[in-house]
Q: 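Before I ask anything, here is the structure I am working with.
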2 protein chains.
Amino acid sequence: MSDERVEAAMERIRANGGRATVDRRAVLEALVRNADHATAEELAELVRAELPDCNLATVYRTLELLERLGIAFHVHLGHGPSQWHLAEAVHHHLVCDECGAVVEVGDHVFDPLRRRILADTGFVLDPHHFSLSGRCARCVAVSPSSTSGSGPARR
Amino acid sequence: MSDERVEAAMERIRANGGRATVDRRAVLEALVRNADHATAEELAELVRAELPDCNLATVYRTLELLERLGIAFHVHLGHGPSQWHLAEAVHHHLVCDECGAVVEVGDHVFDPLRRRILADTGFVLDPHHFSLSGRCARCVAVSPSSTSGSGPARR
DNA sequence: GTAATTGCAAAGCTTTTGCAATTTA
DNA sequence: TAAATTGCAAAAGCTTTGCAATTAC
């Protein structure tokens, strides 16, 4: 179950003066195992499969550390808790306001926008922390132009 | 202080079976007065200038109503509370992870991306609810490639 | 041994909600 | 008057934090 990505990350933690603890390794493994996005709570659940006593606060603290080191990132997908994923999985999220579906798109789709924004404003778009909303193909097909619909999928 | 946009919105509320109350008008006026984005708390503050007893819960409920009617929208700009603005001011926010600066860009900048995503996935990007992050021109100039920097502007 | 990390419990902050009192139409 | 809206206070949901106990180095 140990992954070279996990080892590399532990290495970076240590290189940064941090300590290589069991809990941190477990959080990393949970992130690797759950290739997609997961909430802190979900990750804690995964971690507890191996480390029954792992505390949610520790998961939060570890995620914060991993983000500081550029190993993991979080995104706010509409409402609800943040979603976490490994930095390597660079993709972006289109969240449907109506049904809550999440469509992922590769980073390269943003290249023209990135260039345009850089040229216009000097702003460098972060390749990780995107989250766009709108309406997914299915909801558009069902009711092409509803403004309110049954309301966005909140909470 | 009364604005034709306020009147039009009150009209829509009434047309939708809602009631034209003092509080709702006050929230609308606060949104108009504060052309840019503001949090619910900030709007409540503005409202209280005229309506000292206006309750925060009422502001939240009014904003929810306005959003349902397509009159106002909220965005999650990184961390902290949601930011609200009138629907007419269609613009998007680039939030600097390092210093927290917010750079606004017009909606048209997204047109090519919008077309591309529609073609690829059928997803219709919402013109309002965007929020992108990255690093602003100033921060990039200061330290062209810091990963951690002094850390993103949290909370 | 010492400094970093963890667990626990409590608090913080934003937002929502139940219900009685008030206001609008 | 009837139905919608408000105020209040409490709760909910996510996240952070203080501090004593534990663990890594």
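Naming convention: chains lettered A, B, ... in sequence-line order (proteins, then strands); numbering from 1 in each chain.
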Q: Quantified as the angle between the terminal helix axes (five pairs each), what is the overall bend of the helix from C/dG1-D/dC25 to C/dA25-D/dT1 to 10 degrees?
A: 30°
Q: Counting C-beta onward and ignoring hydrogens, is there a side-chain heavy-atom pair between B/Asn16 and B/Arg68 closer than 4.5 Å?
A: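 They are not in contact (no side-chain heavy atoms under 4.5 Å apart), so the answer is no.
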Q: Restricting both atoms to N or O, compile the protein contacts to nucleotides 7-9 of chain C shorter than 3.5 Å, with distance only.
A:
unit_1 : atom_1 : unit_2  : atom_2 : d
C/dG7  : OP1    : A/Asp23 : OD2    : 3.4
C/dG7  : OP1    : A/Asp53 : O      : 3.3
C/dG7  : OP2    : A/Asn55 : N      : 3.2
C/dG7  : OP2    : A/Thr58 : OG1    : 2.4
C/dG7  : N7     : A/Arg61 : NH2    : 2.9
C/dG7  : O6     : A/Arg61 : NH2    : 3.3

Q: Could you walk me through whether B/His37 and B/His74 satisfy the ring pair (Phe, Tyr, Trp, His ring centres under 6.0 Å) test, starting with their C-alpha distance in whole Å, then the side-chain angles of each, then the deciding distance to 0.1 Å, before giving a yes or no?
A: CA-CA 9 Å; B/His37 17 72; B/His74 79 279; over 10 Å; no
Q: Can you give me the N/O atom pairs linking the protein to nucleotides 23-25 of chain D at distances under 3.5 Å, or say none if there are none?
A:
unit_1 : atom_1 : unit_2  : atom_2 : d
D/dA24 : N3     : A/Arg19 : NH1    : 3.0
D/dC25 : OP1    : A/Ala20 : N      : 3.2

Q: Within the distance-only criterion (no hydrogens, no angle test), does the side chain of B/Arg24 pair as donor or acceptor with the backbone N or O of B/Arg19 below 3.5 angstrom?
A: yes
Q: Taking atom CG of A/Leu51 and atom CG of A/Asp53, what is their separation to the nearest 0.5 Å?
A: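 Going from the CG atom of A/Leu51 to the CG atom of A/Asp53 covers 7.5 Å.
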Q: Does the pair B/Arg48/B/Glu45 count as a salt bridge with the N-to-O cut at 4.0 Å?
A: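 The answer is yes: the pair qualifies as a salt bridge.
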Q: State whether A/Tyr60 places a side-chain N or O below 4.0 Å from either non-bridging phosphate oxygen (OP1 or OP2) of D/dT16.
A: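 Answer is no, no contact under 4.0 Å.
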Q: Once you apply a heavy-atom cut-off of 4.0 Å, does B/Ser82 come out as touching a base, just sugar-phosphate, or nothing?
A: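 Contact class for B/Ser82: sugar-phosphate only.
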Q: Are A/Arg33 and A/Glu50 close enough for a salt bridge, meaning some N to O gap below 4.0 Å?
A: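 Salt bridge between A/Arg33 and A/Glu50, a charged N being under 4.0 Å from a carboxylate O: yes.
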Q: Taking A/Asp120 first and then A/Arg116, would you say they form a salt bridge - that is, a charged N and a carboxylate O separated by under 4.0 Å?
A: yes
Q: I'd like to know if the side chain of A/Glu42 reaches the main chain of A/Thr39, judged simply by a donor and an acceptor atom lying under 3.5 Å from each other, with no hydrogens or angles considered.
A: yes
Q: If we only count heavy atoms from C-beta on, is the A/Val27 to A/Leu46 side-chain gap below 4.5 Å?
A: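 Not in contact.
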